[in-house]
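The structure under discussion appears below in the form of structure tokens.
Below, chains carry the letters A, B, ... as their sequence lines are ordered, and counting in each starts from 1.
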Amino acid sequence: MRTSQYLIATLRETPADAEVISHQLMLRAGLIRKLASGMYTWLPAGLRVLHKVTAIVREEMNRSGAMEISMPVVQSAELWQESGRWDKMGPELLRFVDRHDRPFCLGPTHEEVITDLIRNEFNSYKQLPANFYQIQMKFRDERRPRFGVMRAREFLMKDAYSFHINQASLEQTYQLMYQTYSNIFTRLGLNFRAVLADTGNIGGSTSHEFHVLADSGEDDIVFNSTGSYAANIELADGVIKDLDDGSAAMLESREINTGNAHSIEELCALLDLPATRLIKTLIVKAEVTDTNPHGLMALVLRGDQALNDIKAEKIAGIVCPISFASDAEIETVLGCKPGCLGPNKLDIPVVVDRSAENMRNFVCGANKAETHLMDANWGRDCHFDQVADIRKVKEGDLSPDGQGELLIKRGIEVGHIFQLGTKYSEAMKAAVLDENGRSVLMTMGCYGIGVSRIVAAAIEQNHDTNGIIWPEAIAPFQVAIVPLNAHKSPRVTEVSEHLMAELEKAGIEVLLDDRDKKTSPGVKFADMELMGIPHRIVVSDRGLENNELEYKFRRAEQAENVPVDSIMAFLSARIAS
RNA sequence: CGGAGUGUAGCUCAGUCCGGUAGAGCACCGCCUUCGGGAGGCGGGGGUCGGAGGUUCGAAUCCUCUCACUCCGACCA
């Protein structure tokens, strides 16, 4: 390819409405342009990258034995009503009617369509297991699209759905997909982690997310140094090192005046105690029942620990999404404002985190204005109804498997695999006959990859001040040829053209920067670097006088000279490796 | 959906407070010079100042409404 016949849509300056680096560089390198919020046109160079990612995903999915299909983007409401998600989904599902006033939606995911297909096609256990996938544009009307294609409304996704006669078969395919995903992200050249994940509303028992590590990621992922444990912070478990073992002798408790000190920090300063000696009591909304007429619940943690909302939402009776009780509600029910609350003599359910379960002689609110309880103890002064893990793990906690300490890093979720169970097959009556001629609901799994998001994630992980540094597997071109003074030097032109032809014959993708003499060398260098092309050859009279070409690897500091007649061997060795 | 902000040339922005001929740099077109790190000179094209309404002799500028976009939060199989 020649730049003179290609859309090199590079921008010198950063567009004002791009905040994260991948979004800025995708615009500046001329990969995408915005049509509307969360919707992007892929320009030629960007589409080349997207296609390379797609090709790797497709190859590995095919290798795993999955079958590629293509389902409609537009889906009729009936199926969604049948699964119950038409009402459950909310405005994220973009709905509209056709000319006959029949309701439709743009597919945000395809569980309904695939389940409908398979319940009609499959009759026997002998047809199982089976795994189907597609690579297709999805549409989700996100409340707040952001960061370019990282969180877009229209995005390219690989989604796969597997069908099984039982849980054991599902687990086999699940493992296969786990391995397939690991292969895909390895081939893409990304630094990633597979982590245990929350199954969220989709249900099911087991789920893993695949995260590309990058500081701009939207998720916190937790893992130990040996790699034997990794989880999304939403459900990560960890062991506190300095946990109180509850062996100390109980001291006499007493009320103390703490004035206007309300926060843990203020109390620590006032009492000259570490936060680990304090107890934090949070009041959240709960369902109103006979046993809990106030509709509130107390969540108790050690003073230095933070609440994990996702974990807390799993406690029976808590209102989802979790919300804190207002000051007025707390005062009405507990007779005290927040700031002096404690788990003593509360007539609402009290859930204590394991971090506070065994504490001795702690400080907690006395449920009385400006008053805290010193040297309080469970049983004698305070009570709890239930112990649960509701704590957000911290860096430095011990790994739950006993292997070292936990690290926390930011991650971009690029893949997610689920064991669905029978959620959809039950709702949509998708069954086959087993070997005894009995009708059995199929067990399902589903497996997603954010293909367009991978492009952004790769940039987040691979860039410098000059622009993108593509992993070689997904670069739009492998080699850039930059001729200098081609308009004056027939020899430079000839060598450049010849090299391009040779490389293309060898199946290597080349971009020859043959823009006219008005495009200065500096502009060409800057553009090729901005676009992140991994290998660059400069052809100049100066070099040719010594029979040399200049080679520079995008990641390297320095360029090096290579004899003209060994350039093909030189390049094919580097590109292969 | 709550909070904040921004809309002026393809891009980055000035001009708005204090109403009076629509600006700069880059990009683009032509000619000349230059040619290994975003060159220089001369000449040129390009805008209903997001939209609608209002105030005024006169509105990019003041007022009202509206639309779009961005950020923070909430939300997110």
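- Put simply, CZ on A/Phe324 is 14 Å from C1' on B/rG73, counting in whole angstrom units.
- Taking the P atom of each, B/rU8 and B/rG3 are spaced 25 Å apart, rounded to whole Å.
- For A/Arg146 against B/rG73, a side-chain-to-base donor-acceptor contact under 3.5 Å is absent.
- Separating the P atom of B/rC17 from that of B/rC62 is a span of 5 Å, rounded to the nearest Å.
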Can you give me the N/O atom pairs linking the protein to nucleotides 35-37 of chain B at distances under 3.5 Å, or say none if there are none?
unit_1 : atom_1 : unit_2   : atom_2 : d
B/rC35 : O2'    : A/Asn485 : OD1    : 2.3
B/rC35 : O2'    : A/Asn485 : ND2    : 2.5
B/rC35 : N3     : A/His487 : NE2    : 3.2
B/rC35 : N4     : A/His487 : NE2    : 2.6
B/rG36 : OP2    : A/Asn485 : ND2    : 2.8
B/rG36 : O6     : A/Ser540 : OG     : 2.3
B/rG36 : N1     : A/Glu550 : OE1    : 2.9
B/rG36 : N2     : A/Glu550 : OE1    : 2.1
B/rG36 : N2     : A/Glu550 : OE2    : 3.2
B/rG37 : O6     : A/Arg536 : NH1    : 3.0
B/rG37 : O6     : A/Arg536 : NH2    : 3.2
B/rG37 : N1     : A/Glu529 : OE1    : 3.4
B/rG37 : N1     : A/Glu529 : OE2    : 3.1
B/rG37 : N2     : A/Glu529 : OE1    : 2.6

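- Judged by distance alone, with hydrogens and angles left aside, the side-chain atoms of A/Ser326 form a donor-acceptor pair with the main-chain N or O of A/Glu329 at under 3.5 Å.
- Closest approach to the A/Ala16 side chain among B/rC13, B/rC69, B/rG38 is made by B/rC13 (side chain taken as heavy atoms from C-beta onward).
- In the displayed structure, A/Gln172 atom CD is contacted under 6.0 Å by at most 12 heavy atoms of other residues, nucleotides or ligands.
- Both A/Asp309 and A/Pro145 lie near RNA chain B, and the one whose nearest nucleotide falls closer to the 5' end is A/Pro145.
- Taking every heavy atom of both residues into account, A/Ala197 and A/His416 meet most closely at CB-NE2, 3.7 Å.
- The same atom, P, is picked in B/rC49 and in B/rU21; the two are 15 Å apart, to the nearest Å.
- Partner assigned to B/rG30 is B/rC42, using Watson-Crick or G-U wobble distances below 3.5 angstrom.
- B/rC65 and B/rC29 have their P atoms separated by 45 Å, given to the nearest Å.
- Summarising the geometry, the separation between CZ on A/Arg515 and P on B/rC28 is reported as 10 Å, rounded to the nearest angstrom.
- If you take atom C1' in B/rA24 and the same atom in B/rU55, they sit 32 Å apart, rounded to whole Å.
- Around CD of A/Glu313, the count of heavy atoms belonging to other residues, nucleotides or ligands within 6.0 Å exceeds 12.
- As rounded to whole Å, 17 Å separates atom C1' of B/rC76 from atom CD1 of A/Ile322.
- Across the C1' atoms, B/rA14 and B/rU61 are found 14 Å apart, a figure rounded to whole Å.
- Atom CG in A/Leu27 sits roughly 17 Å away from atom P in B/rG10 (whole-Å rounding).
- Between the C1' atoms of B/rG10 and B/rG47, the separation comes to 12 Å (whole Å).
- Heavy atoms of A/Lys524 sit nowhere under 4.0 angstrom from any nucleic acid atom.
- For the side-chain contact (heavy atoms from CB on, under 4.5 Å) test with A/Ile390, the passing option among A/Leu301, A/Ile318, A/Ile310 is A/Leu301; the others fail.
- Taking each heavy atom of A/Pro338 and A/Ile330 in turn, the nearest pair found is CG-CD1, 3.7 Å.
- Between the CD atom of A/Glu313 and the P atom of B/rA74 there is a distance of 12 Å, given to the nearest Å.
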Sugar-phosphate or base contact per nucleotide [nucleotides 1-8 of chain B; S, B, -; heavy atom under 4.0 Å]: --------
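- When both pairing distances are held under 3.5 Å, B/rG25 makes a Watson-Crick or G-U pair with B/rC11.
- For the pair A/Arg33 CZ and B/rC69 C1', the interatomic distance rounds to 16 Å; values are reported in whole Å.
- Counting non-hydrogen atoms under 4.0 angstrom, A/Arg28 reaches a base of the nucleic acid.
- The interatomic distance linking A/Leu43 (CG) with B/rG10 (P) rounds to 17 Å, in whole Å.
- Separating the NE2 atom of A/His23 from the P atom of B/rU70 is a distance of 8 Å, rounded to the nearest angstrom.
- Side-chain N or O atoms of A/Arg28 include one that pairs as donor or acceptor with a backbone N or O of A/Leu11 at under 3.5 Å.
- Minimum interatomic distance between A/Arg151 and A/Arg144 (heavy atoms only, all atoms of both residues): CD-O, 3.9 Å.
- Counting non-hydrogen atoms under 4.0 angstrom, A/Phe147 reaches the backbone sugars and phosphates but no base.
- Evaluation of the side chain to side chain contact (heavy atoms under 4.5 Å, CB included) rule for A/Asp389 yields A/Asp237, A/Lys311, A/Asp353, A/Arg354, A/Arg391 as partners, not counting sequence neighbours.
- Within a 6.0 Å sphere centred on NZ of A/Lys409, heavy atoms belonging to other residues, nucleotides or ligands number 12 at most.
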Steps toward salt bridge (charged side-chain N to carboxylate O under 4.0 Å, His left out) verdict (A/Glu550, A/Arg536): CA-CA 8 Å; A/Glu550 179 196 281; A/Arg536 186 187 76 190; 3.3 Å; yes
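- Across the strands present, B/rA4 finds its partner in B/rU70; the criterion is a Watson-Crick or G-U wobble pair with both atom distances under 3.5 angstrom.
- Checking B/rC72, B/rC76, B/rC69 against the side-chain heavy atoms of A/Asp17 singles out B/rC69 as nearest.
- Of the residues near RNA chain B, A/Glu142 and A/Glu13, the one whose nearest nucleotide (by heavy atom distance) lies more toward the 5' end is A/Glu13.
- Base pairing annotation: B/rU56 forms no Watson-Crick or G-U wobble pair, as no partner gives both donor-acceptor distances under 3.5 Å.
- Under a 4.0 Å N-O distance rule, the pair A/Lys34/A/Asp17 qualifies as a salt bridge.
- To the nearest whole angstrom, the two P atoms, one in B/rG43 and one in B/rG50, are 31 Å apart.
- As the counterpart of B/rC65, B/rG51 is assigned, both hydrogen-bonding distances of the Watson-Crick or G-U wobble pattern falling under 3.5 Å.
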